[in-house]
There are 2 protein chains.
Amino acid sequence: MATIRDVSKLAGVSVATVSRVLNRSGYVHEETERKVLRAIKELSYTPNFVARSLSNKKTSTIGLMVPDITNPFFPELARAVEDVMQLYGYTTILGNSDESVEKEKQYVEVLKQRYIDGVILASTALTADEVHKFGVPVVVLDRALTSDTIPMVTSKNREGAREATRFLLAQGCRKIAHLRGPAQLLNADERCQGYLDIVEQTDWFHPGLVVAGNYEMKQATDATLALLKKYPDIDGIFAGNDMMAIGALRAAQILGISIPDKLAIVGYDGITMGEVVYPELTTMAQPIYDMGALAARMLIKMIEKQPLDTLYYELDVQLIERGTTRKV
Amino acid sequence: MATIRDVSKLAGVSVATVSRVLNRSGYVHEETERKVLRAIKELSYTPNFVARSLSNKKTSTIGLMVPDITNPFFPELARAVEDVMQLYGYTTILGNSDESVEKEKQYVEVLKQRYIDGVILASTALTADEVHKFGVPVVVLDRALTSDTIPMVTSKNREGAREATRFLLAQGCRKIAHLRGPAQLLNADERCQGYLDIVEQTDWFHPGLVVAGNYEMKQATDATLALLKKYPDIDGIFAGNDMMAIGALRAAQILGISIPDKLAIVGYDGITMGEVVYPELTTMAQPIYDMGALAARMLIKMIEKQPLDTLYYELDVQLIERGTTRKV
DNA sequence: AAATTATGTGTAACCGATTACGCATAATGG
DNA sequence: CCATTATGCGTAATCGGTTACACATAATTT
């Protein structure tokens with residue numbers, strides 16, 4: 001591999017000059033530039049990023065931390081982040097935290113040693129304080145922290161949940177249950193709250209209609225089986241995420257309950273898997289790709305010290321009507 | 001951030017000595033080591049990887065190139081690679097190639113500038129020659145190249161396809177169709193060939209039973225719809241991958257054909273999505289995680305210049321019987 | 001006891017870029 | 001016409017590590 005010194009020798013100039021044409025910094029005579037460019041081409045020289053990073057303290061590399069890339073919500077997010085990063089000349093390091101605070105911190109330490117320029121934390125379990133300590137630009141995705149200084153991107157969980165529940169009501173459902181997500185997650189709380197906003201005052205509502213879950217399918221299937229056994233007159237389910245909605249669908253199929261005639265189901269997320277089940281899942285879709293892309297753009301702005309006009313984005317969600325609810 | 005010079009000053013030794021205790025290279029007096037360690041702790045010093053990489057020409061970073069992380073086959077692979085890499089102190093950069101040879105080459109160039117230590121190419125479209133030109137250690141995953149010098153990890157496609165087809169036959173199927181993958185992919189050819197090995201000599205076989213596909217669900221649904229219209233007596237389908245199998249399942253559901261009674265379906269891959277559809281998909285499962293982990297370990301060996309005992313691994317596949325075929 | 005070998009440590013070059021600083025010369029202004 | 005300012009380029013320090021080499025002393029061999 002040729003170095004900048006090889007180029008400078010061949011072109012008969014100093015390394016400073018070569019660096020100047022490389023970075024379009026400072027004055028370079030047109031003639032000289034041509035010579036340098038010719039030398040670069042001849043040696044098929046390409047600058048060494050590591051060396052550059054050392055003096056720059058900038059690696060054009062960011063870290064993307066997800067709980068588990070295997071969880072169907074995250075590949076699309078990761079794709080968006082990677083697309084945008086690549087567009088701006090950044091490279092993306094992927095890390096799986098398995099929801100463990102320790103693993104997450106450890107990973108960020110590793111990344112900092114490597115002079116990473118910034119980090120996107122998707123669904124982090126960290127507190128705002130811990131994030132502050134990182135000392136590198138951070139954008140938090142999907143999960144909100146209680147902080148007004150850390151940039152975040154989420155969707156309108158509460159409002160989306162309300163809308164989803166209202167939709168079930170409008171479909172003629174008379175008893176709607178909610179499969180909620182893990183207790184420690186803010187977005188699960190918000191979605192549950194949105195559901196409650198709509199149904200709490202109805203005459204049929206009682207707390208037994210809210211059942212705990214962990215955002216996973218298997219558990220949702222079991223929970224729904226139990227739920228439907230206990231309250232056979234439930235005719236609508238709003239699940240805190242799509243995987244749980246699919247779990248509920250599975251339970252209905254096991255029990256031979258016809259979907260959507262006897263039971264309507266609405267999920268939340270809009271993951272691709274919803275289109276794979278049959279009937280296809282009606283869901284309150286988050287703009288997953290947009291959320292990832294937005295977070296990526298925000299992070300780049302922060303890295304390049306441009307001002308952010310908004311610190312906290314709550315993107316709109318959209319109901320996608322499919323087979324698990326009746327057409328009106 | 002403290003540097004090695006800060007540490008050396010505080011400990012009253014030279015930077016060389018600090019480096020020696022850091023890397024356990026060369027002789028260091030026990031007493032001196034203690035002093036250095038104390039200084040390191042006091043300054044909470046952590047070595048700068050970028051600087052280290054510059055003199056080492058080793059970044060402990062590898063690239064993982066997938067066609068599209070959004071394609072459900074790859075997250076599990078990525079997870080395996082990342083797990084193993086992390087275990088060995090490596091960091092994984094993720095890249096999506098969208099099956100484009102150009103994008104792939106370009107990405108590798110970017111990675112090389114960054115002194116990446118090696119690359120795992122999952123489902124690459126590159127030729128062996130092009131891969132050779134990279135000049136960094138490469139392991140190819142999932143797709144075989146015609147080369148006996150590039151390390152590869154795949155599964156026993158042909159044998160697996162045979163077994164899957166035999167299984168359908170044993171289930172009592174009398175007319176089995178095959179949804180094959182893209183023409184340019186070797187693994188699609190091999191799976192198709194495995195199917196043919198079993199059925200070509202039967203009295204019912206004719207070439208119309210092999211239909212072209214692109215490994216995607218939507219297309220498979222359409223193709224199956226047409227296929228079943230044309231040949232209503234088909235009672236078994238072996239699909240080249242799980243997504244297409246799910247597409248076929250969808251077609252059957254649309255036509256109201258009962259699965260598995262009237263039509264049995266077997267896929268190939270063993271992706272998680274197969275457990276999400278109903279009935280759950282019977283599939284010839286590749287050990288996806290193991291394949292990723294193995295490729296990662298091979299790459300690390302290559303990077304660390306240890307000999308590989310085998311260049312070409314063809315892992316065993318395993319039939320997972322689920323709802324789209326009858327229990328025997 | 002002399003010759004080796006093992007142990008312990010420091011100096012300074014090096015990895016390959018960026019850039020502050022200095023010094024020319026050319027162009028422009030008053 | 002002299003003072004500025006703009007243009008053009010090179011020298012050498014710097015980023016933060018690693019390591020070849022040199023040198024000293026201690027432990028073993030012969």
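All figures in this text were calculated on a predicted structure; none of them were measured in a lab. Within every chain, numbering begins at 1; the chains are lettered A, B, ... in the order of the sequence lines, protein sequences first and strands thereafter.
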Review point. If you check the B/K57 side chain, which of D/dC9, C/dC15, C/dT18 turns out closest?
Key: C/dC15
Study note, to complete from the structure: Checking C/dA17, C/dG16, C/dT11 against the side chain of B/A16 (C-beta onward), the nearest is C/dT11
Revision key, fill the gap. Side-chain atoms of B/N48 come closest, of D/dG17, C/dG16, C/dA17, to D/dG17
Review point. Is the shortest side-chain N/O distance from A/T32 to OP1 or OP2 of D/dC9 below 4.0 Å?
Key: yes
Review point. Side chain of A/Y107, backbone of A/L94: donor and acceptor closer than 3.5 Å?
Key: yes
Review point. B/N48 side chain to B/V50 main-chain N or O, any donor-acceptor pair under 3.5 Å?
Key: yes
Revision key, fill the gap. Between CZ of B/R20 and P of C/dG10 the distance, given in whole Å, is 8 Å
Exercise for review: Scan B/V50 against the nucleic acid and name what it touches under 4.0 Å (heavy atoms): base, sugar-phosphate only, or nothing.
Suggested key: nothing
Check your understanding: Does A/R52 get its side chain close enough to the base of C/dG16, under 3.5 Å, for a donor-acceptor pair?
Key -> no
Study note, to complete from the structure: A/E30 atom CD is separated from D/dT7 atom C1', nearest whole Å, by 13 Å
Practice item. May I have the distance from A/Q113 (atom CD) to D/dG16 (atom P), rounded to whole angstrom? Key: 14 Å
Check your understanding: At under 4.0 Å between heavy atoms, what does B/V15 touch on the DNA or RNA strands: base, sugar-phosphate, or nothing?
Key -> base
Review point. With respect to the phosphate group of D/dG10, does any side-chain polar atom (N or O) of A/T17 fall under 4.0 Å of OP1 or OP2?
Key: yes
**Study point:** Along DNA chain C (nearest heavy atom to each residue), the more 5'-positioned of B/R5 and A/R5
**Key:** B/R5
Check your understanding: What nucleotide, of D/dG17, D/dC9, C/dA12, holds the atom closest to the side chain of B/A51?
Key -> D/dG17
Check your understanding: Sub-3.5 Å donor-acceptor pair from the side chain of A/D142 to the main-chain atoms of A/T154, do we have one?
Key -> no
Check your understanding: Is it true that a side-chain atom of B/T310 and a backbone atom of B/Y313 form a donor plus acceptor pair closer than 3.5 Å?
Key -> no
Revision key, fill the gap. Of the candidates D/dT18, C/dT18, D/dG17, the side chain of B/S19 sits closest to D/dT18
Study note, to complete from the structure: Only one of A/E104, A/E99, A/R143 passes side-chain hydrogen bond (donor to acceptor under 3.5 Å, both in side chains) with A/T124, and that residue is A/E104
Study note, to complete from the structure: From CZ of A/R114 across to C1' of D/dG17 the rounded distance in Å is 15 Å
Review point. Looking only at side-chain N and O atoms, does A/S55 come under 4.0 Å of OP1 or OP2 in C/dA17?
Key: no
Exercise for review: Return no unless some side-chain N or O of B/Y27 is found under 4.0 Å from OP1 or OP2 of C/dT7.
Suggested key: yes
Practice item. Give the rounded distance in Å between these two atoms: CG of B/L22 and C1' of D/dG16. Key: 12 Å
Practice item. Find the distance B/E33:CD to C/dG8:C1' and express it as a whole number of Å. Key: 12 Å
Practice item. Let me see the working for B/R79 and B/E82 under salt bridge (charged side-chain N to carboxylate O under 4.0 Å, His left out), right down to the final yes or no. Key: CA-CA 5 Å; B/R79 178 69 211 241; B/E82 210 269 311; 5.1 Å; no
Practice item. Nearest whole angstrom, please: distance from the P of D/dC15 to the CD1 of B/I4. Key: 14 Å
**Study point:** Side chain of A/H29 (C-beta onward), nearest among C/dT19, C/dC15, D/dG8
**Key:** D/dG8
Point to revise | Selection from D/dT18, C/dG16, C/dT18 that lies nearest to any side-chain heavy atom of B/N23 | key: D/dT18
Exercise for review: Take atom CZ of B/R24 and atom P of D/dT18, then tell me their distance rounded to the nearest Å.
Suggested key: 14 Å
